[in-house]
Amino acid sequence: MLLTWLLLNILLGSREKSFSGPLHAQCKVEWYFRLTCRRVSEALVTQIKKWSTMSSCMGGEKCLYTLRSASVHFIAAKHTTPATKHVEDINFRLVSYGFTHCHISAMSVSETWYAVLDHGTNYCNLYNLIEGSGLAGTLGYKEITSDFMCTQRSSANCTVY
């Protein structure tokens, strides 16, 4: 039913604000830190490894992350949702600016082709790693995203997803 509604809106060119953002469950976030990219990369890789097993779930989804590759400038990972076993691809691109600053462009995309709404899961996949690693509390931390860039960002509950 939702898919039919979306297709009709696309075909008819509806300009209603009832649904905005990507047509596939995904999220793009920009982060800025007053830390070196090496330090940011190490913190994220450590957190991904820490949350790699089911035992870290504790009722939420801060678990089942898999590190695919890592360097100072790029991290690739996957996240599997514990309940439904849906998989999302996660990428962090880290760019140094100045001597002690790091900019991250991060993306989480559901592998499930029909995933349209995700309750903010893709946002939480990314944010939970930033928060869990302690990076969200560092000096100079800044986040830029929106509902347009992240499916259901404003209603995301990252203690659950």
Side-chain angles (χ1 to χ4, degrees), residues 17-53 56-84 86-112 115-161:
K17 292 254 182 196
S18 59
F19 180 80
S20 65
L23 293 177
H24 182 74
Q26 63 184 13
C27 180
K28 183 173 194 261
V29 183
E30 304 289 324
W31 278 295
Y32 295 87
F33 301 95
R34 240 183 257 171
L35 299 168
T36 64
C37 283
R38 178 168 303 285
R39 193 162 163 205
V40 172
S41 176
E42 288 170 355
L44 287 171
V45 168
T46 298
Q47 195 61 45
I48 290 167
K49 289 177 179 177
K50 182 177 178 182
W51 285 347
S52 65
T53 65
S56 62
C57 286
M58 295 187 270
E61 295 195 8
K62 297 176 183 177
C63 58
L64 302 179
Y65 284 88
T66 304
L67 184 65
R68 308 289 286 173
S69 66
S71 72
V72 173
H73 299 292
F74 185 79
I75 299 168
K78 289 191 180 278
H79 178 254
T80 304
T81 59
T84 61
H86 288 135
V87 178
E88 297 93 24
D89 296 314
I90 298 171
N91 294 305
F92 294 93
R93 292 188 188 280
L94 297 85
V95 177
S96 299
Y97 66 99
F99 291 109
T100 59
H101 291 73
C102 188
H103 168 240
I104 294 179
S105 292
M107 186 91 176
S108 178
V109 179
S110 294
E111 285 186 358
T112 307
V116 178
L117 302 177
D118 72 349
H119 306 288
T121 296
N122 280 285
Y123 171 75
C124 293
N125 287 342
L126 301 168
Y127 177 76
N128 285 339
L129 290 171
I130 295 292
E131 198 262 336
S133 65
L135 292 169
T138 61
L139 184 64
Y141 167 81
K142 182 178 180 182
E143 176 184 282
I144 299 173
T145 194
S146 66
D147 278 339
F148 183 75
M149 294 168 54
C150 283
T151 307
Q152 297 186 300
R153 159 61 184 97
S154 63
S155 61
N157 180 350
C158 294
T159 59
V160 175
Y161 296 107

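Just so it is clear, the model here is predicted, and its values are computed rather than measured.
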(request) Please check if the side chain of His73 supplies one atom and the backbone of Leu94 the other of a donor-acceptor pair under 3.5 Å. (result) yes

(message) The criterion is side-chain contact (heavy atoms from CB on, under 4.5 Å); which residues satisfy it with Phe99, sequence neighbours excluded?
(response) none

(message) Any side-chain to backbone donor/acceptor pair from Thr53 onto Cys63? Under 3.5 Å, distance only.
(response) no

(message) Can you tell me how far apart SG (Cys124) and CG (Leu129) are? Round to the nearest 0.5 Å.
(response) 11.0 Å

(message) As an exercise, state the distance from CG of Leu35 to CD of Glu42, rounded to the nearest 0.5 Å.
(response) 11.0 Å

(request) Walk me through it: do Asn122 and Ser110 pass the test side-chain contact (heavy atoms from CB on, under 4.5 Å)? (result) CA-CA 7 Å; Asn122 280 285; Ser110 294; 3.0 Å; yes

(request) Kindly compute the distance separating CD (Gln47) from CD (Glu131), expressed to the nearest 0.5 Å. (result) 8.5 Å

(message) Show the nearest heavy-atom pair for residues Lys62 and Trp51, with the distance to one decimal.
(response) O-CG, 3.3 Å

(message) With heavy-atom distances below 4.5 Å as the criterion, would you say the side chains of Met149 and Val29 are in contact?
(response) no

(request) Please examine the side chains of Lys142 and Ile144, heavy atoms only from C-beta on, and report whether any two atoms are closer than 4.5 Å. (result) yes

(request) Check step by step if side-chain contact (heavy atoms from CB on, under 4.5 Å) holds for Thr145 and Glu143. (result) CA-CA 7 Å; Thr145 194; Glu143 176 184 282; 3.8 Å; yes

(message) Here's a test for you: under side chain to side chain contact (heavy atoms under 4.5 Å, CB included), which of Leu126, Thr121, Val109 qualifies with Cys27?
(response) Leu126

(message) Nearest 0.5 Å, please: how far is CZ in Phe33 from CG in Leu139?
(response) 12.0 Å

(request) Looking only at non-hydrogen atoms, find the nearest pair between Pro82 and Gly60 and report the distance. (result) CG-O, 3.7 Å

(message) Other residues, nucleotides and ligands only: do more than 12 of their heavy atoms fall within 6.0 Å of NZ on Lys78?
(response) yes

(message) Contact between Asn128 and Glu61 at the side-chain level, heavy atoms closer than 4.5 Å - yes or no?
(response) no

(request) Specify whether Tyr97 and His101 have parallel, tilted or perpendicular ring planes, treating 30° as the upper limit for parallel and 60° as the lower limit for perpendicular. (result) tilted

(message) Any side-chain to backbone donor/acceptor pair from Thr138 onto Tyr141? Under 3.5 Å, distance only.
(response) no

(message) Given 3.5 Å as the limit, does a donor-acceptor pair link the side chain of Asn157 with the main chain of Gly120, or not?
(response) no

(message) Between Val40 and Leu135, is the side-chain contact (heavy atoms from CB on, under 4.5 Å) condition met? List the steps.
(response) CA-CA 7 Å; Val40 172; Leu135 292 169; 3.9 Å; yes

(request) Over all heavy atoms of both residues, which pair between Ser105 and His103 is shortest? Give the atoms and the distance, please. (result) OG-CE1, 3.4 Å

(request) Mind checking side chain to side chain donor-acceptor pair (under 3.5 Å) for Glu88 and listing every partner two or more places apart, or none if nothing turns up? (result) His79, Asn125

(request) Heavy atoms only: give me the nearest Ala106-Phe92 pair and the separation to one decimal. (result) CB-CD2, 3.6 Å

(message) With side-chain contact (heavy atoms from CB on, under 4.5 Å) as the criterion, how do Val72 and Cys37 come out once you've worked through the C-alpha distance, each side chain's angles and the decisive distance to 0.1 Å?
(response) CA-CA 6 Å; Val72 173; Cys37 283; 4.1 Å; yes

(message) Any non-hydrogen side-chain atom of Val45 less than 4.5 Å from a side-chain atom of Ile75?
(response) yes

(message) With a 3.5 Å distance limit and no angle check, can you tell me whether Asp147 reaches the backbone of Ser154 through a side-chain donor-acceptor pair?
(response) yes

(request) Check for a donor-acceptor pair, side chain of Ser133 on one end and backbone N or O of Leu44 on the other, with a separation under 3.5 Å. (result) no

(message) When you measure from the side chain of Thr151 to the backbone of Gln26, do you find a donor-acceptor pair of N or O atoms at a distance under 3.5 Å?
(response) yes

